[in-house]
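A note on names: the letters A, B, ... follow the listed sequences, proteins ahead of strands, and every chain is numbered from 1. Here the structure is a predicted model, which is why all the values come from computation and not from measurement.
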Amino acid sequence: MSEIQPVLALTNIHKAFGGVVAIEDFSLDLHPGEIVALVGDNGAGKSTLIKIISGVYKPTSGEICLSGETSQFADASEAREKGIEVVYQDLALADHQPVYMNLFLGRELTKPPFGLLDKARMRRETQELVDELDVRIPSASSTIRDLSGGQRQGIAIARATHWASKLVLLDEPTAALGVAETAKVEELVLSLKKKNLAILIISHSLDQVFRLSDRICVLRRGKQIGVRKTADTDKNEIVSMITGVA
Amino acid sequence: MTASASLLQRMDLQRSVIYLGFLAIFLFFAVTLHDDGFLTTRNLTNIVLQTAPATVMAIGLVFALSAGEIDLSFGSVVAVSALTAAVVLQSYPLAVGVLAGLGAGIAIGAFNGILVAYFRLPSFLVTLATMGLFAGIARSMTDLRSIPVLNDTFTGIFGSGDLFGIPSLVLWTIVAVIIGHVVYRNTRFGAHVVATGDNPRAAQVSGIKVPRVRFAVLTLCGATAGLAGLLYSGRLQAAKYTLGETDLMTVIAAVIVGGTALNGGKGSIIGALLGCLLMGMLNNGLILMGLEVSDQMIVRGLIILIAVAVSLRDTSR
Ligand SMILES: Nc1ncnc2c1ncn2[C@@H]1O[C@H](COP(=O)(O)OP(=O)(O)O)[C@@H](O)[C@H]1O
Ligand SMILES: [Mg+2]
């Protein structure tokens, strides 16, 4: 544990859907500039945990502290206002809209005097952002559906970078990507870390987890099996924690 | 990125289908019906005048379809609001009649909207039901009778009048299209409408109030149908339950041909205007060609089929 205040502190989080217990007794601290990987088999509860943090689900019990303040998000947009951004497993992009409108989805910029959309500025800021992050797309005005999977995921991450002030949650951001695209997305994730954001990433690729993370947290059927410093563990240990086979 | 390159990119192919189709049919009639007066200012103005109510309704429908919803009830709303205005105008002044007619449309739209947005019923089924419901109500309102509209100010504003020499129905069309276009393309509301139709979940997690958007577009459809009802009763100086009866297919076809996607996320107000004018031209041209009503229907149906097929083919690329 570091002495500085954690960005996010989860304490004894519990979540049940009716009779199904999805998360039981989960606790974790996330610090600025830290990447924590969340691993576990399908159905372990990883996505559910991310949805709890991002305000999509309310925990059945337990406490969520954001920068030391106990938080209860009414919905996802409230969590966003507090500086938490999510990159979803199934991309939350509007396919027929241009890149810049996706970047500003729900937070469109307007200009006086009539409050009309400031498309020029949104386009410019988007271009600056994708240039800075080196997301290679034809232009800020390109339509999302004309882009490759990697470019789309790049946009989703760029959006998270642009709006997150504290925490970025990524749910299998490279699950659908090829090798080169995955490398690009990993680069983007590392650039988030450089911005001193806290990052929680779900991944099925242990290679990736070991490349990116500072700590690894293992879930098995809703139970928190343990948290390891990446530098102090190896794949064998993590695999046996995931599967429960020693 | 130069301005001209980005302009080119934004002008995607789909949009040009309507321009080409419009031009092709216009040229066809201009040549074949030259001696029948197709190209006269009077005839062309007439097309615009006759199209005005459809164009106004089409604007509401572009918003609804873009949000991933549909309104099938607008034809019935036209009749109800026209009859409401006509009946109220018999004993009350202009403003009351206008508000009553428009209000009836807005109320029906809001009713559709509440059922769709907050009771989570599919708009296709809700508006299919209210289409029948309000068609019935329109019939029973005045026992199938036609109600004359004798208020000259009303028939001037919503029908035969003009301002600076521009016919009022042309003005209504222009104003409605400009407002519709700007709201659709250049406001946060417009952006939220297309985002909702494109990917409701993405819209939701981005903080867009999706139910509110759905409610708004269906209410807007009621409002535009209400205005269309006023335009019909103003032009015809009477209201009857049959008003709007045949508009359902025409307006939906016009909007689809104009580049609006049936399944949401994409649309064009200018395209819808051109689509409506195209349908108007078609009606006009087929009449001038001297076709029987039954043949007109067949030819129109076939042309709409081709036009819709072409525009949808392009969309699915
Ligand atoms: N909305 C829901 N309603 C009921 N059960 C759910 C819901 N979401 C997830 N679950 C259940 O919770 C468990 C964990 O799911 P999930 O978090 O998606 O797992 P993971 O992302 O680790 O694969 C699963 O058993 C799943 O069926
Ligand atoms: Mg998952």
Fill in: Atom CZ of B:F22 with >12 non-hydrogen neighbours under 6.0 angstrom
yes

Discussion item. For the CZ atom on A:F114, are there more than 12 heavy atoms of other groups (residues, nucleotides or ligands in this structure) within a distance under 6.0 Å?
Written reply: no

Which heavy-atom pair separates [X] from [Y] by the least distance, and what is that distance?
| X | Y | result |
| --- | --- | --- |
| B:N199 | A:L93 | ND2-O, 2.9 Å |
| A:L117 | B:R185 | CD1-O, 3.8 Å |
| B:G207 | A:S77 | CA-CB, 3.5 Å |
| A:R80 | B:V205 | CD-O, 3.3 Å |

Item to complete: Look at the side chain of B:D198 and the backbone N and O of A:D95, then say whether any donor-acceptor pair between them is shorter than 3.5 Å.
Response: yes

Worksheet item: Between A:Q97 and B:G265, is there a donor-acceptor pair closer than 3.5 Å when you use the side chain of the first and the backbone of the second?
Response: yes

Practice prompt. Could you check if a side-chain atom of B:Q204 sits within less than 4.5 angstrom of a side-chain atom of A:D75, using non-hydrogen atoms only?
Written response: no

Worksheet entry | Non-hydrogen side-chain atoms of B:S206 and A:R159 separated by less than 4.5 Å | yes

Worksheet item: Counting heavy-atom pairs under 4.5 Å to chain B, which of A:L116, A:T143, A:T110, A:D118 comes out on top?
Response: A:L116

Worksheet item: What residue, out of B:H192, B:R188, B:K209, has the most heavy-atom pairs lying under 4.5 Å from chain A?
Response: B:R188

Item to complete: Starting at NZ of A:K119, measure out to CG of B:N186 and round the result to the nearest 0.5 Å.
Response: 5.0 Å

